[in-house]
> 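Questions regarding the structure given below will be posed in turn.
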Amino acid sequence: MIELQNITKNFGSLQVLKGIDLTIEKGEVVSIVGPSGAGKTTLLQIIGTLDRPDTGSVYVDSIDVTSLSQKALSDFRNRHLGFVFQFHQLLPEFTAIENIMIPAYIAGTSNKKAKQRAEELLQFMGLSDRAHHKPAELSGGEQQRVAVARALVNNPAVILADEPSGSLDTKNKQELHQLFFDLRDKFGQTYVIVTHDEHLATITDRTIHMSDGQLTV
């Protein structure tokens with residue numbers, strides 16, 4: 001599903017990633033852990049095509065994304081990848097269902113199909129009664145579940161999450177963590193999650209440790 005070959009990345013004279021080789025199988029829920037500055041977020045951004053490596057290749061679903069043009073890359077990202085961040089980044093002027101539908105519109109999905117998919121996801125999240133509430137009217141846990149639904153609306157092959165539960169209280173953290181596994185079981189996506197949360201790291205299928213730009217045992 002995801003294969004990284006000899007990934008390096010420099011920012012000026014600082015080498016952030018130092019020859020990363022990594023394979024993640026379809027349907028895995030994988031956590032990436034390590035101290036601040038280890039290169040976790042940079043690695044996630046390269047997997048997610050938000051940044052390009054200086055050397056090496058990135059294969060997602062057997063496609064070498066490092067060889068794609070900027071336009072093809074943007075289209076690939078919209079259709080095949082979903083993103084969840086520490087803060088929900090929902091647009092405040094739109095309702096929950098409208099926020100979820102935005103990536104579908106970008107992909108050219110009809111309003112009818114986008115709405116149907118968004119409603120399906122809201123129901124799965126237990127948020128059907130919150131569909132027409134704006135972000136400010138939702139709790140933190142609800143906001144983040146809407147953000148997860150938005151990441152899923154185009155049925156991507158891979159979900160990439162960067163500290164997704166970092167801003168939540170303990171109860172909402174646990175619910176969000178369980179949600180990732182419930183979604184994997186229902187929709188079959190692969191999840192790659194950068195986290196400092198020890199509980200989440202212990203329950204994922206595999207934990208990848210990073211230190212100083214390298215993978216460690």
Side-chain angles (χ1 to χ4, degrees), residues 1-2 4 7 9 22 24 26-33 39-53 58-61 63 65-66 68 70-92 94 96-109 114 117-118 121-122 124-125 127 135 138 140-168 172-173 176-177 179-184 186-197 200 204 208:
M1 171 51 64
I2 301 170
L4 308 181
I7 298 300
K9 183 67 179 179
L22 176 65
I24 298 172
K26 179 177 173 57
E28 270 197 294
V29 179
V30 172
S31 56
I32 301 177
V33 302
K40 304 183 300 297
T41 294
T42 300
L43 181 62
L44 195 74
Q45 289 175 337
I46 287 174
I47 295 173
T49 74
L50 297 172
D51 201 355
R52 289 184 182 269
V58 179
Y59 292 87
V60 180
D61 218 3
I63 296 172
V65 297
T66 51
L68 297 179
Q70 203 60 43
K71 185 178 185 304
L73 197 60
S74 179
D75 183 64
F76 179 90
R77 187 185 305 125
N78 178 253
R79 294 176 182 275
H80 296 275
L81 303 174
F83 298 89
V84 182
F85 303 99
Q86 179 173 353
F87 301 102
H88 57 79
Q89 296 188 347
L90 301 174
L91 297 177
F94 294 111
I97 193 167
E98 289 168 342
N99 268 283
I100 294 168
M101 292 167 67
I102 289 171
Y105 285 146
I106 294 171
T109 306
R117 173 65 171 163
L121 290 166
L122 281 166
F124 188 84
M125 305 281 180
L127 292 173
L138 303 173
E142 289 170 340
Q143 290 169 345
Q144 199 65 326
R145 277 184 281 164
V146 170
V148 173
R150 178 183 57 190
L152 288 162
V153 71
N154 287 336
N155 198 29
V158 178
I159 301 294
L160 303 167
D162 193 358
E163 299 288 358
S165 58
S167 63
L168 300 178
N172 281 306
K173 278 185 182 182
L176 182 66
H177 297 166
L179 178 62
F180 290 137
F181 291 92
D182 294 343
L183 289 165
R184 185 270 304 273
K186 182 173 177 63
F187 298 114
Q189 279 102 350
T190 302
Y191 284 77
V192 184
I193 307 168
V194 165
T195 185
H196 282 104
D197 190 285
L200 177 56
T204 53
I208 296 165

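As a basis for the values below, the full set of heavy atoms in this structure was taken, side chains included, without hydrogen atoms, waters or symmetry mates.
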> I'd like to check the ring-ring contact (aromatic ring centres under 6.0 Å, His included) partners of F76; sequence neighbours left out, ordered by chain and number.
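Scan of F76 (ring-ring contact (aromatic ring centres under 6.0 Å, His included), adjacent residues dropped) gives H80.
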> Nearest 0.5 Å, what's the CZ-CG distance between R145 and L183?
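Atom-to-atom, R145:CZ and L183:CG are 11.0 Å apart.
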> Would you say that F124 contacts V148 through its side chain, given a criterion of any heavy-atom pair below 4.5 Å between the two side chains?
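F124 does not reach V148 side chain to side chain.
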> List the atom of P103, the atom of R150, and the distance in Å for their closest heavy-atom pair.
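Shortest heavy-atom separation between P103 and R150 comes out as CG-CG, 3.6 Å.
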> Taking E163 for the side chain and H196 for the main chain, is one N or O donor matched with an acceptor at less than 3.5 Å?
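Such a contact is found between E163 side chain and H196 backbone.
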> Measure the CD1-CG distance between I32 and L22 for me, rounded to the nearest 0.5 Å.
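The CD1 atom of I32 sits 6.5 Å away from the CG atom of L22.
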> Does the pair Q143 and L138 meet the rule for a side chain to side chain contact (heavy atoms under 4.5 Å, CB included), with working shown?
CA-CA 6 Å; Q143 290 169 345; L138 303 173; 3.8 Å; yes
> Walk me through whether L43 and L4 qualify under side chain to side chain contact (heavy atoms under 4.5 Å, CB included).
CA-CA 10 Å; L43 181 62; L4 308 181; 3.5 Å; yes
> Starting at CG of L200, measure out to CD1 of I193 and round the result to the nearest 0.5 Å.
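Here the rounded value is 5.0 Å.
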> Check whether any side-chain N or O of T109 sits under 3.5 Å from a backbone N or O of A104 as a donor-acceptor pair, and report yes or no.
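Between the backbone of A104 and the side chain of T109 there is a qualifying donor-acceptor contact (under 3.5 Å).
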> Can you tell me if E142 and N172 form a side-chain donor-acceptor pair at under 3.5 Å?
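Not at all, the side chains of E142 and N172 share no donor-acceptor pair under 3.5 Å.
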> Which heavy atom of I159 sits nearest a heavy atom of A151, and at what distance?
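Heavy-atom minimum between the residues: CD1-O, 3.8 Å.
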> Mind checking whether I97 and M101 have side chains closer than 4.5 Å, heavy atoms only?
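Yes, side chains in contact.
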> Salt bridge (charged side-chain N to carboxylate O under 4.0 Å, His left out) with D51: which residues, sequence neighbours excluded?
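So D51 forms a salt bridge (charged side-chain N to carboxylate O under 4.0 Å, His left out) with K9.
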> In Å and rounded to the nearest 0.5 Å, what is the OG to CZ distance from S165 to F180?
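Atom-to-atom, S165:OG and F180:CZ are 7.0 Å apart.
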> Can you tell me how far the CD1 atom of I106 sits from the CG atom of N78, to the nearest 0.5 Å?
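Spacing of CD1 (I106) from CG (N78) equals 5.5 Å.
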> With rounding to the nearest 0.5 Å, note down the distance linking CD1 in I102 to CG in L91.
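One gets 4.5 Å once the value is rounded to the nearest 0.5 Å.
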> Is the shortest side-chain heavy-atom distance between M1 and D61 below 4.5 Å?
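Contact flag for M1/D61 side chains = yes.
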> What's the shortest heavy-atom distance between A107 and N154, and which atoms?
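Distance-wise, the nearest heavy atoms are CB-ND2, 3.9 Å.
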> Would you say the side chain of P135 lies within less than 4.5 Å of the side chain of V146, judging by non-hydrogen atoms?
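Heavy-atom side-chain distance check fails, nothing below 4.5 Å.
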> Closest heavy-atom contact between P164 and V84?
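Of all heavy-atom pairs spanning P164 and V84, the closest is CB-CG1, 4.0 Å.
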> If you define the side chain from C-beta out and look only at heavy atoms, does anything of R117 sit under 4.5 Å from V153?
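Yes, side chains in contact.
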> Are the side chain of Q45 and the backbone of L50 linked by a donor-acceptor contact shorter than 3.5 Å?
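No; judged by distance alone, with no hydrogens or angles, the pair does not exist.
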> Check whether any side-chain heavy atom of Y191 sits under 4.5 Å from a side-chain heavy atom of T204, and report yes or no.
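A side-chain contact under 4.5 Å is absent here.
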> Using the side chain to side chain contact (heavy atoms under 4.5 Å, CB included) rule, take M125 and I100 through it: C-alpha gap first, then chi angles, then the decisive distance, then the call.
CA-CA 12 Å; M125 305 281 180; I100 294 168; over 6 Å; no
> Compare every heavy atom of R77 with every heavy atom of Q70, then report the nearest pair and how far apart it is.
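The answer is NE2-NH2, 4.4 Å.
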> Flag the pair R79 and D75 as a salt bridge only when some basic side-chain nitrogen lies within less than 4.0 angstrom of an acidic carboxylate oxygen.
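D75 and R79: salt-bridged.
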> Locate the shortest heavy-atom distance separating K40 from V33; write the atom from each residue and the value.
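Scanning both residues, the minimum pair turns out to be CD-C, 3.5 Å.
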> Contact between F83 and D162 at the side-chain level, heavy atoms closer than 4.5 Å - yes or no?
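When only atoms from C-beta onward are counted, D162 and F83 do not touch, as no gap falls below 4.5 Å.
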> So, do I46 and R52 sit near enough that their side-chain heavy atoms are less than 4.5 Å apart?
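Sidechains of R52 and I46: no contact.
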